[in-house]
Every structure is written in structure tokens, then in C-alpha cells.
Chemist: 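Have a look at the structure that comes next, please.
Every chain is numbered from 1, with letters handed out A, B, ... down the list of sequences.
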Number of protein chains: 2
Amino acid sequence: MIDVRFPTALQMMLSLALAQTAGVERLSSAQLAEGIDSNPTFVRRLLVPLIQAGLVHSTMGRDGGVSLSTDAAMITLGDIYKATMGNKKLWTGRSDIPHRCLVSCNVERFFGNLADEVDESVLDLLSKRTLADALLELRTLDAARAQ
Amino acid sequence: MIDVRFPTALQMMLSLALAQTAGVERLSSAQLAEGIDSNPTFVRRLLVPLIQAGLVHSTMGRDGGVSLSTDAAMITLGDIYKATMGNKKLWTGRSDIPHRCLVSCNVERFFGNLADEVDESVLDLLSKRTLADALLELRTLDAARAQ
DNA sequence: TTGATATGCAATGATAAAAGATACATATTG
DNA sequence: CAATATGTATCTTTTATCATTGCATATCAA
């Protein structure tokens, strides 16, 4: 199955950012789940690392829910990516390749280094964009759609 | 299951490049399969797009096998990636999100654009490296390993 | 204090993408 | 024509991911 954690977390964060600008204090996991057409448990699982990273604040109990910890302009898409994907690399190579020649003895490390470079370049790209930027892009797309 | 087509195709291409420098005319799918600890069918499936892209030349029949179509310095890792992964994007978002608000109506396109940018930056990185460069890196890694 | 309702979290089940396995037609060489 | 390679279709196995269910815990309000 395809891993949709990042796009999903991103949508949730965008919803929280929108709520923030609209003056809504917090959203429940059920509300967020509705937005992504999924279930509250999945939402809460995704929220855990975002909360631990300090991007989202959660309040328990009745009338509980989550909200952004800070202004949307202070959160980059890179922050969200790092939090939700943790140490998972974008690429994984074959493991336990039998060592028999120059290639098989060293590809594993070679590919690992390459994957690291890729991760870095993706994070660079994501870190240049804030949630606030993204929300603005959504408005632009929406305006284009309306025409 | 994790998609290991690119790392696998890369290893095969490196093996073919090494064979080329060693004066070996061609390798069979069985030989390549041994190198990646897999089976000839998987190898041949992976070879199809590489052959179609003109990166690899295949000869059928007894004593058949595959070899690089050109010098390893003329083939970039980007070529290999494009051939083996085809149109598959690095990221896929959730699909069929119900359209209910500014976010849900536009994230799909927003994320698609973002994914395109990521693909582009990864391909940029991969296209700066040739198979010959990679083979040289393997030798460097091997020398470091020997110590 | 208690009922309603939220999060936090564990465990189990369903789904789907990828790789493995098998079989066989076709091509080439000696 | 025998041996052995590729090309390709089909079926099975594996496994990462998401959905579902259940329940403990926290909070608010009547």
C-alpha cells in the first residue's frame, strides 16, 4: 500500500492553519478525519509525532482537540515532513546482498549515501515553504479553479 | 512491500558497467540475478524498460545476455531512474478527497504540484552523475573498506 | 459527582503493491 | 536438433499500510 502519511499530515496541518485564521480554537480528530475521508484513529496516530515535535498542541477531555502551537508562518513543510516521517528514508535499497564483487560489496553503502543526498535535497525544498505560504497557494489555486 | 526496482536496476547497471571495463561481452539474467540475490524473471522484468530506453542491449538465444548500449560515461543515474520508474511519481497523495472547504478542494492539486517539484529536484541530482562516476565511487568505497 | 465526549493507545483484520515462482513460446548457436 | 538464452504471462507469497474495534484516561458542564 502507498504511504500517504505525509500528504495526509500536510492536509491536517493546512486545516489547522485555516482554522487558526478563521478564529476557530481547535479541531477534533473526528473533524479532521472527515476532512481527509478517514477515521479518527488514523488522525490521532498521525498527530502523535506532530505533537511531540511541538508543532501541534493537543487538549484532552470533552471539548478537546488540537491546534497549531504557533503561527503558520513559523512552521515549514520540512518540519511537518521530518516529524511525520521520522527516520524513514525516501529510498531503501536491497539488504543483505551477498558480497561477491566490487559492485555487490559496495552498492549498499553507495546507495545509502545517494539516498541521503536525495533526502537532504527534498528537505531543502520543503523547508523553504511555510504553512502560511502553502495556505496562500491554496487560495491562488482556488481562485484559478473558480474561473 | 517496498519498491526496490531502482536500487536493483542500479546495481545491475553497475554490474554491466564493471563487465564492460573488464572486457566481458555480456551477462545473462541468471548471472545478474545471482548478484542481487534474486531470480532471473525479476531481472528480465527490470531489463525491459532499460532496453526500451536504449540503455541496454539484449541478445537472445544461446550465449545470449545483456550489455550496456554505450559507454558508462554516457549514461546518467537519472536515465536509469526515468527508465525503470516510468511515470511513477515519488509521492502520491490521497485521492478522491471530498470537496468541502478551501483545503479539501485544493490540496490534491497543491500536493501534486509539490510532488512534481520534488521529482524534478531528485532527477536533477541523479542526472549529474554518470554510471562511470558511480563505478569510481564504488572503487573509492572499496578502498576505504579495505583499510 | 456524574454523564458526555474528547484524546491516547493497543490489538486485530483487511487491502493492495511488490516480488517470487513456475511455465512455456521463441530465438540463437554449435 | 540439442542446449540454452530471452520474452512474457500467470499465479502465489509476502508485507507495509490503513481501517476497525475496544477501552483506559482526561476534561468539562450540569
Chemist: Could you state the CD-C1' distance from B:Glu25 to C:dT29, rounded to the nearest angstrom?
Modeler: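 Taking atom C1' of C:dT29 as the reference, CD of B:Glu25 is at 14 Å.
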
Chemist: Tell me whether the side-chain N/O atoms of B:Ser38 come closer than 4.0 Å to OP1 or OP2 in C:dG20.
Modeler: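 Checking C:dG20 against B:Ser38, a side-chain N or O does come within under 4.0 Å of OP1 or OP2.
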
Chemist: What nucleic acid atoms does B:Thr59 come within less than 4.0 Å of, heavy atoms only: base, sugar-phosphate, or nothing?
Modeler: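 Touches sugar-phosphate only.
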
Chemist: Looking only at non-hydrogen atoms, find the nearest pair between A:Asp96 and A:Glu108 and report the distance.
Modeler: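 Here A:Asp96 and A:Glu108 meet closest at N-OE2, 3.6 Å.
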
Chemist: What I'd like to find out is whether the side chain of A:Ile36 reaches to under 4.5 Å of the side chain of A:Val4, using heavy atoms alone.
Modeler: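 No - every pair of side-chain heavy atoms lies 4.5 Å or more apart.
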
Chemist: I'd like the 5' and 3' limits of the part of DNA chain D contacted by chain B, with heavy-atom contacts below 4.0 Å.
Modeler: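 Using the under 4.0 Å cut-off, the span is D:dA3 to D:dA19.
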
Chemist: Assign each of A:Met1 and A:Ala30 to its nearest nucleotide of DNA chain C by heavy atoms, then name whichever residue's nucleotide is nearer the 5' end.
Modeler: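 The residue closer to the strand's 5' end, by nearest nucleotide, is A:Ala30.
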
Chemist: Any side-chain N or O of A:Arg94 less than 4.0 Å from the OP1 or OP2 oxygen of C:dG20?
Modeler: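 So the side-chain polar atoms of A:Arg94 do come within 4.0 Å of the phosphate oxygens OP1 or OP2 of C:dG20, strictly under.
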
Chemist: Could you work out which one of C:dG3, C:dT15, C:dA11 sits closest to the side chain of A:Arg62?
Modeler: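 Taking heavy atoms from C-beta onward, the closest nucleotide is C:dG3.
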
Chemist: Classify A:Leu47 by what it touches in the nucleic acid, base, sugar-phosphate, or nothing, heavy-atom distance under 4.0 Å.
Modeler: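 No contact.
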
Chemist: Is the backbone of A:Arg44 close enough, under 3.5 Å, to the side chain of A:Ser29 for a donor and an acceptor to pair up by distance?
Modeler: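 Side chain of A:Ser29 to backbone of A:Arg44: no pair is present.
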
Chemist: Is any side-chain heavy atom of A:Asp119 closer than 4.5 Å to a side-chain heavy atom of A:Val122?
Modeler: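 No; the side chains remain at least 4.5 Å from each other.
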
Chemist: Less than 4.5 Å apart, side chain to side chain, heavy atoms only: is that true for A:Asp116 and A:Lys89?
Modeler: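 A:Asp116 reaches A:Lys89 side chain to side chain.
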
Chemist: Considering every strand and a 4.0 Å limit on heavy-atom distances, what is the contact class for B:Val66: base, sugar-phosphate, or nothing?
Modeler: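 No contact at all - B:Val66 keeps every heavy atom at 4.0 Å or more from the nucleic acid.
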
